[in-house]
Every structure is written in structure tokens, then in C-alpha cells.
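Note that the structure is a prediction, hence the values are computed from the model and not measured.
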Amino acid sequence: MKKNLTKSIILMIIMVMAIVTLTGCSALPNAEKTSKDELEGLTVVTADENMEGYTKCEAMEGVEFYYPSNYKSVGKATQPMYMDPDIAGASVNIVSEAFPSRYTFEGYIEASIIGIKQQMTIKDNEVKTEYINLNGRKAAKLSYTATSQGQTMTITQMAIVKDSKVYILTVGGLEKDAESLQPKMEKIINSFK
């Protein structure tokens, strides 16, 4: 069991690093808030008002989200990560980096998907991408099933740009637990702002 937990942690770290592949580029000067035009036509997703049983994570300066109160911190201050103590591999984490000036948001997401596919085996080679209005900000939602280190996990990553940085929230768990984790993972994602 401990070996599977270690593999799950390693897989989550690989997935986090796969999307943050564009470091070393200069940041956008004075990145603006999402305009109304950018949000037009996007599916609107908002945070649940009842977050009982969830804890607010504000460890990553500039953004916040809620995670289940029973999750244990296994990350560090610059890369917060929380894992479910009862379901091996179920976790949530967040990373950020300067937004590369040579990319549009969509271009950054496309380049990140290439990085994800190079880092791990993606089921059906498909990373489903959807752009949504997440709490008033344009967000990219990436969903995929990945295999690495002998573990198969379902992953959802949310990316937003705020104050010249891109923030990536990753939630996931073992594929066998995907259905039971779905409501919890959606609540985490919807609270991201």
C-alpha cells in the first residue's frame, strides 16, 4: 500500500511539472483582467456558497481554492499539495509561473498539452480542453487519463492567468476512484479564483 501511495505522489508531481513547461520566458507587462468579450459564450462556473467541510487554501499568493478539510498537506509553501488520507492518490495541488509573453493563453495551453503528452502516456492520446468562465475569469480546463509509474489516474487541471502569472490547479485520483471522487473534485475546481 505504501509503495502505491509513493507511486501516486510521484505521478502527481510529474503531472504538475508537465503543464509548467514554458519557464524562462519573460512575463507579460501589466496583464489585464479578463474582459467581458473574452468571457462571452463561455460556460459559467461559480464557487459553491456552502463550503462546509472544506478548508480555504490561500498559500499561493494571488489565488485561492478550497480543499476537503481531512486532506493532509504534503507540499511546501511555494507548491501547496494536499492528499486524501483515505483514498490513495487523491490529491489537489497548485503551481504558478510567469506567463510567457510570446504566447496567447490558448497558445500556452496548446504548448502545455504537448508537454503533458511527452511526459506520460495519455489514454487514447486525448487531453480534453474546454475554456470556461470560472468565477469571472477565463480558464482552461484540461481533463485526461494518464499512466505513469504503473498507476493510471484521472486528472483535471485548471489554468488561469492573473497578474502576469499563470496558475495551474491540478486535482486527480486513481482511475478506479474517479466516479466516487467526482463531486469532491468538482467542488475544489469550482472554488478556484
Distance-only, no hydrogens or angles: does the [X] side chain make a donor-acceptor pair with backbone N or O of [Y] under 3.5 Å?
X	Y	result
N70	P85	no
T152	T147	no
K162	G62	yes
N190	D48	no

What are the two closest non-hydrogen atoms of [X] and [Y], and how far apart are they?
X	Y	result
M158	A139	CE-CB, 4.0 Å
A146	M120	CB-SD, 3.3 Å
G136	L39	O-CD1, 3.5 Å
S191	N135	C-ND2, 4.1 Å
P183	S180	CD-O, 3.6 Å
I109	A159	CD1-CB, 3.8 Å

State, with a plain yes or no, whether a side-chain heavy atom of [X] is found less than 4.5 Å away from one of [Y].
X	Y	value
Y108	V161	no
V45	K141	no
L174	Q151	yes
M81	Y67	no
I116	Q157	yes
Y167	R137	no

Could you measure the distance from the [atom1] atom of [X] to the [atom2] atom of [Y]? Nearest 0.5 Å is fine.
X	Y	atom1	atom2	value
F65	E58	CZ	CD	10.5 Å
I155	E175	CD1	CD	10.5 Å
M185	T156	CE	OG1	8.5 Å
Y71	T55	OH	OG1	11.5 Å
T170	L142	OG1	CG	9.0 Å
D86	D177	CG	CG	11.0 Å

Salt-bridge criterion met for E106 and K138 (N-O under 4.0 Å)
yes
Would you kindly confirm whether Y82 and M51 end up in one hydrophobic cluster when ILVMFWY residues are joined by side chain heavy atoms under 4.5 Å apart?
yes
Does the side chain of T145 come under 3.5 Å of the side chain of T154 through a donor N or O and an acceptor N or O?
no
If you apply the rule side chain to side chain contact (heavy atoms under 4.5 Å, CB included), what do you find for I188 with Y54, and how did you get there?
CA-CA 9 Å; I188 295 168; Y54 284 74; 4.3 Å; yes
Report the C-alpha distance between V127 and I122 in whole Å, list the side-chain angles of each, state the deciding distance to 0.1 Å, and finish with yes or no for side chain to side chain contact (heavy atoms under 4.5 Å, CB included).
CA-CA 8 Å; V127 176; I122 306 298; 4.2 Å; yes
Yes or no on side chain to side chain contact (heavy atoms under 4.5 Å, CB included) for Y66 and K56, after CA distance, side-chain angles and deciding distance?
CA-CA 4 Å; Y66 285 80; K56 187 180 198 178; 3.5 Å; yes
